[in-house]
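As a basis for the values below, the full set of heavy atoms in this structure was taken, side chains included, without hydrogen atoms, waters or symmetry mates. Letters go in sequence order (proteins before strands), and every chain restarts at 1.
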There are 2 protein chains.
Amino acid sequence: MPVTIRDVARRLNLSVTTVSRALAGYDDVAETTRQRVITAAREMGYMPQYAARQLRRQRTETIGIVFPTMGTRFSDPFFGEFMAGVGDEASRRNYDLLVSVAPAGKSEQDNYQRLVNSRRVDGFVLARMRIEDWRIRYLLHEEIPFVSFGRSETDEKAPHIGVDGCAGICELVRHLVSLGNRRIAFIGAPPVLTLSRDREEGYRKGMREAGIDVDPDLMSVSDLTSAGGYETAKKLLDYDPPPTAIIGVNDLTALGVIRAAQERGLSVGEDIAIAGFDGIETGKHWHPPLTTVYQPVYEIGRRVCDMLVAIIEGKETIQIETLIQPKLIIRQSTVP
Amino acid sequence: MPVTIRDVARRLNLSVTTVSRALAGYDDVAETTRQRVITAAREMGYMPQYAARQLRRQRTETIGIVFPTMGTRFSDPFFGEFMAGVGDEASRRNYDLLVSVAPAGKSEQDNYQRLVNSRRVDGFVLARMRIEDWRIRYLLHEEIPFVSFGRSETDEKAPHIGVDGCAGICELVRHLVSLGNRRIAFIGAPPVLTLSRDREEGYRKGMREAGIDVDPDLMSVSDLTSAGGYETAKKLLDYDPPPTAIIGVNDLTALGVIRAAQERGLSVGEDIAIAGFDGIETGKHWHPPLTTVYQPVYEIGRRVCDMLVAIIEGKETIQIETLIQPKLIIRQSTVP
DNA sequence: GTGAAAGCGCTAACAT
DNA sequence: ATGTTAGCGCTTTCAC
């Protein structure tokens with residue numbers, strides 16, 4: 001039923017070889033023949049069957065991406081943007097995207113192994129990197145190409161695109177200090193995540209530069225969700241004296257913080273300054289609009305994919321490591 | 001380099017056939033042999049290479065999903081939740097998920113055709129259905145299984161899981177009316193989308209039941225984004241007299257509306273009631289928390305995938321059409 | 001410039 | 001209970 005290369009060959013009284021080469025753009029096939037082949041193929045709606053091509057070439061032209069889910073769901077717009085970036089670039093380069101959704105842990109590992117062992121993908125895009133990350137060790141060992149969004153200490157030279165979370169948060173602290181804040185709290189993420197460490201480091205650095213001692217009570221850890229930010233902020237606001245500013249490790253955390261502050265009757269931006277990290281679309285419509293450290297997630301997705309394809313296809317000259325400077329966006333959640 | 005079924009066979013002095021059948025669980029292979037095979041396979045890290053299996057069986061065990069992007073990005077958490085649902089169920093059933101990201105239009109069509117013609121997927125999950133939807137006609141014609149989230153009029157009997165947007169919005173209108181609102185505005189989505197029509201119908205129905213004539217000025221169309229909701233709401237608020245309540249066709253739209261109202265100095269929930277549709281996670285943390293019509297997107301994703309697999313595998317007894325009743329969640333954006 | 005033939009790794013019909 | 005064999009659709013030597 002589906003049209004194969006043999007159907008095309010038969011119709012033109014050519015061999016499959018010639019058809020294959022005409023379509024692949026080899027130059028040892030007569031120009032007129034090539035035209036006939038191309039026309040016939042289009043007319044017949046021929047497209048190469050990937051399974052056959054893959055089997056023969058031992059390449060899939062498919063990129064794998066395993067999304068971490070925290071809990072049952074992942075509603076962070078961060079993922080959507082990132083996937084859109086990776087996906088757009090992939091399709092521009094004629095690659096497909098194989099997506100799994102898996103919680104960190106055993107089943108995550110299963111997912112990677114399955115895709116690797118059954119050779120379903122040519123390489124992986126990694127996100128939410130951990131400081132100590134088995135995925136890097138594993139993929140290096142299996143010699144499967146990969147590029148990550150974010151750095152890991154497991155192998156510093158692993159190809160990745162990172163965002164300078166340290167510099168970003170440091171600048172944010174500077175901004176908060178310039179507004180007169182000294183009791184600045186920081187709500188981090190699980191410490192296994194690299195982004196957590198980087199951003200916390202930015203916090204410490206900023207405080208140090210401002211000559212403010214960090215009060216350990218003002219540092220806590222949450223789970224990158226707005227619910228988590230909300231619960232954590234409630235505790236922070238109970239301290240006496242309470243912080244005059246709170247930084248969320250990402251925008252969703254900050255959203256929870258805003259809500260907690262407002263429940264106490266605080267006017268965010270006036271009574272307390274709150275800021276996040278990511279720069280998700282909706283943040284600018286929150287009340288008040290969120291001050292945040294913006295990272296171009298969609299663009300990073302594209303570049304990560306771009307790098308990965310370059311590695312898969314054995315291109316030289318690629319830069320293995322890129323550090324992007326995020327941009328502070330000041331809105332009314334810190335400035336009335 | 002990678003271990004094949006032949007390697008396993010050779011090591012055990014068996015034929016590839018026996019190994020294949022032992023692994024596939026056929027019962028015409030001796031139990032002891034089966035154990036030897038399974039052990040050896042595990043030890044050697046054998047996993048079947050999918051390209052070969054696919055080529056032979058002419059099945060991919062892969063599900064395609066083409067995500068609509070409006071503009072360059074899609075940050076609606078809706079997609080993440082839906083994909084998580086589809087993906088979880090897919091992996092439970094040993095299917096993979098092939099994701100493309102494409103704007104509606106020509107390139108969207110290319111995407112489907114490419115996946116179909118090169119036989120990369122066994123079926124499709126469809127979302128954001130249009131009233132007149134070429135995808136349905138196309139897939140029916142190509143005899144490719146599919147299940148959609150949402151209905152289309154192109155073929156009412158196409159398998160899908162729908163949410164009763166009409167009933168949901170109707171109940172919302174009832175709620176708003178019970179609060180004393182009579183000038184209730186509705187911001188819709190592009191009219192090609194089924195959800196747009198359904199929800200608008202719910203609006204009209206609710207108004208009719210309450211004996212309120214619909215003022216055409218109070219009905220507008222936006223693009224499902226918060227930026228769109230913001231711009232549209234600004235115009236609505238200029239009318240004299242302005243609406244006392246505004247319904248956004250989805251939560252993101254409603255977020256923009258909230259912001260527009262707040263910029264006018266209105267206290268949302270007191271001076272004006274605002275509500276949305278979807279029930280995305282973050283909505284409960286907005287200020288004020290959003291009244292919304294909740295639909296269980298993650299769960300629907302699972303069920304859609306479940307249905308699709310049943311169809312692909314030729315199971316009988318599946319219900320082709322399901323209508324889910326959404327749930328009104330009342331929060332402070334309508335009730336102080 | 002074109003064709004014949006081999007073979008990628010697997011499954012399944014058909015022996016034995 | 002196990003083995004032999006053919007072939008899925010394609011790419012790629014190699015020969016002409």
Is it the case that the side chains of B/D96 and B/T62 hold a donor-acceptor pair, with the cut-off being a distance below 3.5 Å and no angle test?
no
Spacing between B/Y46 atom OH and C/dC10 atom P, to the nearest angstrom
4 Å
Report yes or no: is there a donor-acceptor pair, N or O only, under 3.5 Å between the side chain of B/R119 and the base of D/dG9?
no
OP1 or OP2 of D/dT2 sitting under 4.0 Å from any side-chain N/O of B/T18?
no
Short side-chain N/O contact from A/Q54 to OP1 or OP2 of C/dG9, under 4.0 Å
no
Contact under 4.0 Å: B/S20 side-chain N or O vs C/dT11 OP1/OP2
yes
Report yes or no: does A/D7 contribute a side-chain atom to a donor-acceptor pair with the main-chain N or O of A/T4 at less than 3.5 Å?
yes
Is the phosphate of D/dT11 approached by A/R53 (side-chain N or O, under 4.0 Å from OP1 or OP2)?
yes
Just do the salt bridge (charged side-chain N to carboxylate O under 4.0 Å, His left out) check on A/R302 and A/E299 with the steps written out, would you?
CA-CA 5 Å; A/R302 295 190 69 125; A/E299 192 54 34; 5.0 Å; no
For A/T17 and C/dG3, is the shortest distance between a side-chain N/O and OP1 or OP2 below 4.0 Å?
no
Using only side-chain N and O atoms of B/Y26, determine if any of them is under 4.0 Å from OP1 or OP2 of C/dA12.
yes
Less than 4.0 angstrom between a side-chain N/O of A/T33 and OP1 or OP2 of C/dT2, yes or no?
yes
